[in-house]
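Computed from a prediction, not measured in an experiment: that's the story for all the values here. All chains are named by letter (A, B, ...) in the order of the sequence lines, taking the proteins before the strands, and each is independently numbered beginning at 1.
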Number of protein chains: 2
Amino acid sequence: MTSIKDVANHAKVSIATVSRALNGASNVTEATRKRILAAAKELNYHPNAMARSLVEKKSRIFGYIISGLKKGAKHCIVQDTLVGIYEYASSIGYEILMFAVDSNLQRSKSYVDFANEHALAGVIIQGLRTDDQYYREMIDGRIPCVLIDLPADSSRIGSVSIDNAAAAKEATLHLLAHGHRNIAFMTGVDEASVSTERSLGYLAALQQFGLAIKPEYLLHGNFSEDDAYTAVKDFLPASPEVSAVFCASDLMALGVLRAAKELNIKVPQELAVIGFDDILLAAYADPPLTTVHQDFTDLGFEAARMLYNIIKGQDVPHTRTVPHTFIVRKSG
Amino acid sequence: MTSIKDVANHAKVSIATVSRALNGASNVTEATRKRILAAAKELNYHPNAMARSLVEKKSRIFGYIISGLKKGAKHCIVQDTLVGIYEYASSIGYEILMFAVDSNLQRSKSYVDFANEHALAGVIIQGLRTDDQYYREMIDGRIPCVLIDLPADSSRIGSVSIDNAAAAKEATLHLLAHGHRNIAFMTGVDEASVSTERSLGYLAALQQFGLAIKPEYLLHGNFSEDDAYTAVKDFLPASPEVSAVFCASDLMALGVLRAAKELNIKVPQELAVIGFDDILLAAYADPPLTTVHQDFTDLGFEAARMLYNIIKGQDVPHTRTVPHTFIVRKSG
DNA sequence: ATTGGCCATGGAAACGTTTACATGGTACCT
DNA sequence: AGGTACCATGTAAACGTTTCCATGGCCAAT
C-alpha cells in the first residue's frame, strides 16, 4: 500500500505538507497543493483509516447497534433502517459498523466496549429496551448516541421516532369513527417505549369519545405473532362484544388475523383489525392490513443526520419526529 | 480510555508482557499472567482496535459489500444474509463493516479503496455483476474474498451459493411432471450468474423430456417485478398454449401473478407460476407461490466461515454449495 | 538598511499496539 | 564449578497518520 510518505517523496515535500494539502488546510500554496494532489492520484493514495483514527482518537465510523437481529424475521426493519443510515453516512464519508445485541448470542464484549475499541464517532441504537444491561453506561458515556424509538432522557443524546401516541390515537379514532365502541388493544412489551406510547394514544382516543377504559381489553402480545394469536384466541370467543382489535404491531395483527380465520370470524365484517408499522407483509395479508406506516429508511437517515450534527457540535434539537401515515386497507 | 500502559503499570510489568499475556502467548509465567489479567479486568481494559490493526496491517473486520441495497426492497435478502455473516463473525470476534455499491449513489471511493483503507481481513461480496467496474481489481487484489452467488473463477477466492441449475431443473421437472409442456421461463439479467444457471436448469429439464426449446418462451424480467409484469402481459395473450411460467425470482413471479390477475387468468388452474428464492412475500402471495427456498442466513454464515478459513490459510474447498428446498404451495 | 511579522514548509512527537531483539537469571549438564 | 541453553521479561522500533512547534524566506514598515 502506498502511504503518505510515498506521496511526500513523489511530490518532494514533507509528509506534514501532504497531510495538510489533502485535508484542505489553508496554509498550503496552491502550486504545492496541486503537485501533491497529482502525486496522490498518480500513486492511487488513500489514507489509512486506522492510522488516522489512532491519532485523532476518533474514527469516521458510525456504530449501528440493534437488538433483535435474528434469523427468519418477518420484516425488513433492520434492512430498511440500514439503508437510511447508510445513505446519510456515505454522503459524509462515514462507514457503518454493525453490532447486534442478542440474548442468545453471548458476545464476549458489550456494545460499550465495542464502541470504545473502535473509537466510534457515534452510535445509532435501535430496538433496545431501556432496561438493557449496558444501556445506561452507553448513553452516559462519552460517545454520541442517537436512539431510534427510544426516549432521550438526556440532552446529550438524540432521539428519533414517529409520534407513536398520535399515530395510535389516529388509528383508534378511525375505528371509533366507524362505529366501533368495544375496541381491544394488543400491546407489545412494556419495556419498549413505543409500546407504551401507542397504548397512550389508544387510551386518549377512547377518552376523547368519553368511553370507559376496560383493563380486560388490554391484551399482551409481546410484539410476537404467536403470542398475539394465543392471546386473542382465548379472548375473542369470551368477549363477543369486541368488534375491533388495534395491535401495536403488524406482526401481532397477523397473529390476530390467523386466529380470526380459525375462529371463523370474518375480517373486517365481524372484526376490524388494525396494525402498526406497515411492514412488507401488511399489504399482502388477507385481508390487507389497515395500519400506520412508518418509514424506517427515513428514520435511519434522520438518525444519522442528527448524530452527525451532534458530533459536529451543531446546536440542533435532539429530538426529531418523523412523519407517519395512516393507511386504510381492507382489515379495518 | 485505559491503555495497555495503564495495565502494565498496574501489574508492574512492561507493556510487552501485557500484550503477550493478553494474547495468550506461551512464554508468560502463570503468576504474571494472572496478575495482568486481574489488572486488565480491574481497569476495564479493552485493546484499541485501530492501534492493533495498524501494526498488524490487518483489522479484525469483514467487509460486507452489497449491490442493490436500496429503499423499499421487497425482500429481506440483505438482512437475512447479514444475520448469517454476523453470527459467524461474532463467534470469532470479528466485526462487520458495510459497503453498498449503488449506481445512483456516487461514492467518492470504490470498494477496493474501502477495503484497503480499513485493512479489512476479508470481504464478502453479494449481488454484484461480474461486469462491475471494480470487480476484477477486488478479487485480484490481496484481500481475501468470498462471493455469494457469483462464480469463483480463481482458486484464491471463495464462492458460496445453492446449486441454482439443479434447483431450476427440479422446479421445471415439477411442472413437466404435472403435465405442462409449454413452459415459459422468465430470466433475470444475463450478467448475474444465478440467472444463467437457472436458465441452464430449465433447459436441462426440457431436454430430459425431449422437448424442443423455443426461444420465444424466454422472457426477460430483469429481476424486476414491473418488468416481469410488462413482459408477460404482452406474452400471455399472444401465446395461449403456454400453461406455466417459471420465474428466476419470486419478485418476477409476483409480477406475473399480478398480470395474470389483470388478464383474468386463473392461477394455477389456467397458468402455473413458480418462483425462485422464497422471499417472505412468497408464502403470502395470492395464491401462495410454489418456489425454490434458499436460506440466505445459511449462505451468509457459510460465506463468513469460508472467508475465515481462507484467511487462516486452511486448505479447504473454495466452493460451497448450500442446500435448497423446493416448496410446493398453490401457484403451481 | 535593518527589523518585525507573516506564512509556507519541515521536523518530530504522539496515538496504542505488536514483535524482533536484547538481557539476565535459573537450571541442567559435564 | 563453569558453561550453556532456555525462558521470562524488558527495550525499542515500527505501523501511518495528524499536529504542535521550529525554521527560514519574503515583504513591508520604520
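Under a 3.5 Å cut-off, the side chain of B:T319 and the backbone N or O of B:S159 do not form any donor-acceptor pair.
Where DNA chain C meets chain A (any atom under 4.0 Å from a heavy atom), the bounding nucleotides read 5' to 3' are C:dA8 to C:dG16.
Using a 30° and 60° split on the angle between ring planes, A:Y88 and A:F301 fall in the perpendicular class, above 60°.
Under the 3.5 Å distance criterion, with hydrogens and angles disregarded, no donor-acceptor pair is assigned to the side chains of A:S110 and A:Q133. Side chains of A:Q314 and A:Y308: a donor-acceptor N/O pair is absent below 3.5 angstrom, by distance only.
Contact detail for A:M98 and B:E95: the closest heavy-atom pair is O-OE1, 4.1 Å.
Counting heavy-atom neighbours within 6.0 Å of A:K70 NZ, excluding the residue itself, gives a total of 12 or less. For B:R35, the CZ atom sits in a packed shell: over 12 heavy atoms of surrounding residues, nucleotides or ligands are nearer than 6.0 Å.
Considering A:I77, A:L147, A:L69 as possible partners of A:Q126, the one that fulfils the side chain to side chain contact (heavy atoms under 4.5 Å, CB included) test is A:I77. Tested against B:F62 for a ring-ring contact (aromatic ring centres under 6.0 Å, His included), the candidates B:Y86, B:Y94, B:F99 yield a single pass: B:Y94.
Atom NE2 in B:H118 sits about 14 Å away from atom C1' in D:dT17, given to the nearest Å. Rounded to a whole Å, the CE atom of A:M1 is 21 Å from the P atom of D:dA14. In this structure, NZ of A:K5 is placed 15 Å from P of D:dT18, rounded to the nearest angstrom. In this entry the distance linking CD1 of B:I15 with C1' of D:dA12 reads 9 Å, nearest Å. Rounded to whole Å, the distance from NZ on A:K57 to P on D:dT19 is 13 Å.
Heavy-atom nearest nucleotides on DNA chain D were determined for A:M50 and for A:R20, and the one closer to the 5' end corresponds to A:M50. Residue A:L54 is the one, among A:L54 and B:N23, whose nearest nucleotide of DNA chain C lies closer to the 5' end (criterion: closest heavy atom).
Among the heavy atoms of the strands lying under 4.0 Å from A:N27 is at least one base atom, whether or not backbone atoms are also near. At the heavy-atom level, A:S3 lies under 4.0 Å from the strands shown only through sugar-phosphate atoms. Among the atoms of the strands shown, none is found under 4.0 Å from any heavy atom of B:S53.
One end of the helix from C:dA1-D:dT30 to C:dT30-D:dA1 points its axis 60° away from the other end's axis, with each axis taken from 5 pairs and the angle rounded to 10°.
In the region residues 38-45 of chain A, proximity to DNA chain D at under 4.0 angstrom, judged on heavy atoms, holds for A:Y45.
For the pair B:T29 and D:dC7, the criterion of a side-chain N or O lying under 4.0 Å from OP1 or OP2 is not met. Regarding contacts with the backbone of D:dT9, every side-chain N or O of B:T17 stays at 4.0 angstrom or more from both OP1 and OP2.
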Audit row: B:I311, B:K58, side chain to side chain contact (heavy atoms under 4.5 Å, CB included) steps and yes/no: CA-CA 11 Å; B:I311 291 168; B:K58 182 185 280 195; 4.1 Å; yes
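Classification of A:D298 and A:R305 as a salt-bridged pair fails, no side-chain N sitting under 4.0 Å from a carboxylate O.
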